[in-house]
A.B. asks: 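Sharing a structure, written as structure tokens. Questions coming.
Numbered from 1 within each chain, the chains take letters A, B, ... in sequence-line order.
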Amino acid sequence: KAGVTQTPRYLIKTRGQQVTLSCSPISGHRSVSWYQQTPGQGLQFLFEYFSETQRNKGNFPGRFSGRQFSNSRSEMNVSTLELGDSALYLCASSLGLDNEQFFGPGTRLTVL
Amino acid sequence: AQSVTQLDSQVPVFEEAPVELRCNYSSSVSVYLFWYVQYPNQGLQLLLKYLSGSTLVKGINGFEAEFNKSQTSFHLRKPSVHISDTAEYFCAVSVSMNYGGSQGNLIFGKGTKLSVKP
């Protein structure tokens, strides 16, 4: 069974640009969560989606947005990139809200 | 609000020695507790979790943790470590489903880097 897939794996952008990251969950999983990992702030929760609905959102500015499609695939978008957005963005999927999460390998975003 | 404190940022230990990675949490409601491991340039892998029931939880790779409600702790232990256990370990909490939470909204500690030396 394929694991959680995140594309692209690496991305370099410049300040002011926007970026879209993609996450394909494990087949049959309906819940997707996103996390940001930086050396300074550690792992921080961004969003949680279940059946195309955003269920929870972390404490991030409105420049960070996401969505989930009917096939459970999810995207997150960051607009007007700042240097501080450089991070590893991790996606995790689970069967449902009360099930174990499985993490993808992450997308490493570098903002220059 | 929930928070997690991992008391040690780095733990060096010799191979075959026991290890304990400490984790304390704070929450006003019932929580789920987790330990994850992250190897370099990889995502997170679940080691073990406490949802309810027995306070001693056994996980993969010989790790175990004990939930102590009175001390609000969830320390991770392994009786004998291997070189391959060198990684970063994260403790995490989430609000239980009984309080409208889920396993998909995790609050993480800052991580503990375990370094196993030969």
A.B. asks: At what distance, to the nearest 0.5 angstrom, does NZ of B:K49 lie from CD of A:Q101?
C.D. replies: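 Taking NZ in B:K49 and CD in A:Q101, the distance rounds to 9.5 Å.
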A.B. asks: When you look at B:L44 and A:Y35, which way does the side chain to side chain contact (heavy atoms under 4.5 Å, CB included) test go after all the steps?
C.D. replies: CA-CA 11 Å; B:L44 299 172; A:Y35 297 85; over 6 Å; no
A.B. asks: So if you build clusters from Ile, Leu, Val, Met, Phe, Trp, Tyr with side-chain heavy-atom gaps below 4.5 Å, do B:V11 and B:V116 land together?
C.D. replies: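 Yes, it is one cluster - the side chains of B:V11 and B:V116 are joined through contacts under 4.5 Å.
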A.B. asks: Count I, L, V, M, F, W, Y as connected when their side-chain heavy atoms are under 4.5 Å apart, and connections chain through other members. Are A:F102 and A:V32 then in the same cluster?
C.D. replies: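 Result: no, two separate clusters.
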A.B. asks: Establish whether B:Y39 and B:L114 are linked, either directly or via other cluster members, by ILVMFWY side-chain heavy-atom contacts under 4.5 Å.
C.D. replies: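 Hydrophobic grouping puts B:Y39 with B:L114.
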A.B. asks: Do the side chains of A:F103 and B:L46 get nearer than 4.5 Å, heavy atoms only?
C.D. replies: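 Heavy-atom side-chain distance check fails, nothing below 4.5 Å.
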A.B. asks: Is B:V57 linked to B:Y89 within one hydrophobic cluster, defined over Ile, Leu, Val, Met, Phe, Trp and Tyr using a side-chain heavy-atom separation of less than 4.5 Å?
C.D. replies: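 Linked within one cluster.
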A.B. asks: At a heavy-atom separation under 4.5 Å, does A:D98 approach chain B through its side chain, its backbone, both, or neither?
C.D. replies: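 Both parts, backbone and side chain.
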A.B. asks: With a 4.5 angstrom heavy-atom cut-off, which part of B:F34 approaches chain A: side chain, backbone, both or neither?
C.D. replies: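 Neither part.
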A.B. asks: Less than 4.5 Å to any heavy atom of chain B: does that hold for the side chain of A:E100, its backbone, both, or neither?
C.D. replies: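 Answer is both: backbone and side chain atoms of A:E100 are under 4.5 Å from chain B.
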A.B. asks: Is A:L88 close to chain B through its backbone or its side chain, or both, or neither, when contacts mean heavy atoms under 4.5 Å?
C.D. replies: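 Contact with chain B: side chain only.
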A.B. asks: Count the heavy atoms of every other residue, nucleotide or ligand shown that sit under 6.0 Å from CD of B:E16, and state whether that count exceeds 12.
C.D. replies: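 For B:E16, atom CD is not crowded (no more than 12 foreign heavy atoms under 6.0 Å).
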A.B. asks: Can you find a pair of side-chain heavy atoms, one from A:L43 and one from B:I107, that are under 4.5 Å apart?
C.D. replies: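 A:L43 vs B:I107: side chains apart.
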A.B. asks: In terms of heavy-atom proximity below 4.5 Å to chain A, should B:Q38 be classed as side chain, backbone, both, or neither?
C.D. replies: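 Just its side chain gets close to chain A.
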A.B. asks: Kindly work out whether a path of hydrophobic side-chain contacts (I/L/V/M/F/W/Y, heavy atoms less than 4.5 Å apart) joins B:Y32 to B:F67.
C.D. replies: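 No: no chain of side-chain contacts under 4.5 Å links B:Y32 to B:F67.
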A.B. asks: Show the nearest heavy-atom pair for residues A:S33 and B:G104, with the distance to one decimal.
C.D. replies: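 For A:S33 and B:G104, the tightest heavy-atom pair comes out as OG-O, 2.6 Å.
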A.B. asks: Among A:Q37, A:R9, A:Q6, A:Q41, which residue has the highest count of heavy-atom pairs closer than 4.5 Å to chain B?
C.D. replies: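 Winner by heavy-atom pair count: A:Q37.
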A.B. asks: Does A:N71 CG have over 12 foreign heavy atoms under 6.0 Å away?
C.D. replies: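 Yes, the 6.0 Å shell around CG holds more than 12 heavy atoms from other groups.
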A.B. asks: Give a yes or no on whether B:K113 atom NZ has more than 12 heavy-atom contacts from other residues, nucleotides or ligands under 6.0 Å away.
C.D. replies: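 No, because the 6.0 Å sphere around NZ of B:K113 holds 12 heavy atoms or fewer from other groups.
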